[in-house]
Amino acid sequence: MEDSCLEEAVKWIRDLADGTMGHEVETITTRGIRVAKAHRGFLLCDFIIHNGLLDENENWHVGAIATLVDIIGSIASYSFSTSYKHVTIDFSISYYSTAKDQVEAEVEAKVIGKKDELTSVIVQVRKKENGELIALGKLWMAVARRNARHQASKL
């Protein structure tokens, strides 16, 4: 089961990267990403920033970085759990630097803990050239159950 989840996780990234799967925001954000290393609960991807991800100052847009962190973190969580896909229930990100068009980045996602149906993931985004940290994301993921009964908020 572990190997099949890891294979599915890698295929998921490839399909997003080439646009054969996912919504527009996901496919634009992950276009061209490549898996460099993968094992249970760990993904290392190479990514070249393209002009579709730039802000008005020609820097990698912080929203695009956050989207990429969420996607890769979710896929790393899935590769670890051997069950259903996951949804993000808590997300924090810190930005340390930025990057320009055509800069190559590394995105490393690592599962750091699991408790029942919750999984904690850390995602680091670095410039490949010098290892400079661009962003650090921390996520808590929960199993997304099919046909889960929705309970209305009591607020």
Separation between [atom1] of [X] and [atom2] of [Y], rounded to the nearest 0.5 Å:
X	Y	atom1	atom2	result
Cys5	Ile75	SG	CD1	12.5 Å
Asp15	Thr27	CG	OG1	11.5 Å
Glu58	Ile49	CD	CD1	12.5 Å
Trp140	Ser92	CH2	OG	11.5 Å

If hydrophobic clusters are built from ILVMFWY residues whose side chains come within less than 4.5 Å, do [X] and [Y] share one?
X	Y	value
Phe91	Ile72	yes
Phe47	Leu136	no
Val125	Val62	yes
Leu44	Ile13	no
Ile28	Trp12	yes

Is there side-chain contact between [X] and [Y], with at least one heavy-atom pair below 4.5 Å?
X	Y	value
Ile33	Leu16	no
Thr98	Asn57	no
Leu68	Val123	no

Nearest heavy-atom pair of [X] and [Y]: which atoms, and what distance?
X	Y	value
Ala66	Ile93	CA-CD1, 3.9 Å
Val10	Ala38	CG2-CB, 3.8 Å
His61	Asp55	CD2-CB, 3.7 Å
Tyr96	Ala135	CD1-CA, 4.2 Å
Trp60	Leu54	N-CD2, 3.9 Å
Gly41	Ser79	N-OG, 3.1 Å

query: How far apart are the C-alpha atoms of Asn59 and Lys100, what are their side-chain angles, what is the distance that settles it, and do they pass the side chain to side chain contact (heavy atoms under 4.5 Å, CB included) test?
result: CA-CA 5 Å; Asn59 293 315; Lys100 300 284 187 183; 2.8 Å; yes

Taking [X] for its side chain and [Y] for its backbone only, find out whether a donor-acceptor pair lies under 3.5 Å.
X	Y	value
Lys114	Asp116	yes
Ser74	Asp70	no
Arg40	Phe80	yes
Thr29	Ala64	no
Asp101	Asn51	yes

message: Using 30° and 60° as the class boundaries, would you call the ring planes of Phe42 and His39 parallel, tilted or perpendicular?
response: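 The rings of Phe42 and His39 lie parallel, inter-plane angle below 30°.
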
Cut-off 3.5 Å, no hydrogens considered: what does the side-chain donor-acceptor table look like for residues 102-113, sequence neighbours left out?
unit_1 : atom_1 : unit_2 : atom_2 : d
Glu104 : OE2    : Arg34  : NH2    : 3.2

- prompt: Salt-bridged, Asp18 to Arg14, with N to O below 4.0 Å?
  reply: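 Salt bridge: no.
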
query: Is the count of non-hydrogen atoms from other residues, nucleotides or ligands lying under 6.0 Å from Glu132 atom CD greater than 12?
result: yes

field: Neighbour count >12 (heavy atoms, 6.0 Å) for atom NZ, Lys11
entry: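 It does not: Lys11 NZ has 12 such atoms or fewer within range.
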
- request: Let me know which of Gln124, Lys127, Arg126 forms a side-chain contact (heavy atoms from CB on, under 4.5 Å) with Ile134.
  value: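 With Ile134 as partner, Gln124, Lys127, Arg126 yield a single side-chain contact (heavy atoms from CB on, under 4.5 Å), made by Lys127.
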
